[in-house]
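Inspection log for the structure reproduced underneath, given as structure tokens.
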Amino acid sequence: FNDPANNLGLEDIIRKALMGNLEERQE
Amino acid sequence: NRMYLVCPMNMSAYVDPQKSGQEVWEEFSHSFTPAVREVVEFAKKIPGFRDLSQHDQVSLLKAGTFEVLVVRFASLFDVQNRTVTFLGGRKYSMDALRAMGAGDLLNSMFDFSEKLMSLGLSEEEMSLFTAVVLVSADRSGIENVNSVEALQETLIRALRSLITKNHPNESAIFTKLLLKLPDLRSLNNMHSEQLLAFKVH
């Protein structure tokens with residue numbers, strides 16, 4: 001399965017950026 | 001056999017021939033990652049976006065980041081001088097980029113930017129339009145279509161109201177903006193094809 005967005009590692013960057021905020025809120 | 005990177009998200013179009021493919025890829029990644037993070041930060045500020053499921057937030061961002069970047073970086077394309085400024089600040093003429101191998105995608109992005117900039121939108125209008133671009137219920141992999149659709153409709157209503165208020169004598173602007181959405185999809189598809197081809201090489 002070809003996923004061009006993921007070839008760029010986009011999902012990883014997005015998840016980390018979204019999670020960062022979640023962690024901040026938990027603190 | 002000199003290699004060029006014609007995507008404006010690079011710092012420069014010239015690739016150091018001493019560098020390995022992995023190094024070139026990492027450098028490119030370092031260049032576009034901050035821009036992607038900015039898109040995520042922008043999305044977080046859209047009222048209602050954080051209320052969507054995390055899965056749908058990721059799906060919308062994965063599918064729409066390229067389109068958001070095209071809108072955000074439309075000003076990198078200088079229509080009068082027919083140049084493109086890369087993220088590193090270097091400016092190239094469209095002719096030079098074509099000679100380096102740029103094809104239909106960059107030309108289409110140039111045309112899109114020209115038309116978008118000609119609408120003369122304010123920062124607030126551009127921001128709301130960008131939110132509409134991102135929150136699209138018909139992206140693949142959305143699990144709660146109704147929630148995304150409801151947010152999308154709210155954003156479209158807000159955009160219409162803002163445009164109507166700011167441009168009372170130019171009712172066509174709102175329609176023109178909505179017609180930009182399929183244009184962006186088409187650019188997104190072209191870009192995905194290029195990415196796949198790039199990985200193969």
Answer with side chain, backbone, both or neither: which region of [X] has an atom nearer than 4.5 Å to a non-hydrogen atom of chain A?
X        : result
Phe66(B) : neither
Thr65(B) : side chain
Val58(B) : both

Please round to the nearest 0.5 Å and tell me the distance separating atom [atom1] of [X] and atom [atom2] of [Y].
X        : Y         : atom1 : atom2 : result
Leu10(A) : Leu195(B) : CG    : CG    : 9.5 Å
Leu18(A) : Glu41(B)  : CG    : CD    : 8.5 Å
Gln54(B) : Met19(A)  : CD    : CE    : 3.5 Å

- Only counting residues at least two apart or in another chain, list the ones meeting ring pair (Phe, Tyr, Trp, His ring centres under 6.0 Å) with Phe112(B).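 Ring pair (Phe, Tyr, Trp, His ring centres under 6.0 Å) list for Phe112(B), sorted by chain: empty.
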- Message: Tell me whether Lys62(B) contacts the main-chain N or O of Ile14(A) through its side chain, where contact means a donor paired with an acceptor under 3.5 Å.
- Response: no
- Quick one: list whatever passes side-chain contact (heavy atoms from CB on, under 4.5 Å) with Ser20(B), sequence neighbours left out. Gln22(B), Glu23(B)
- Message: Among Thr33(B), Val40(B), Val39(B), Leu61(B), which residue satisfies the side chain to side chain contact (heavy atoms under 4.5 Å, CB included) criterion with Ile13(A)?
- Response: Thr33(B)
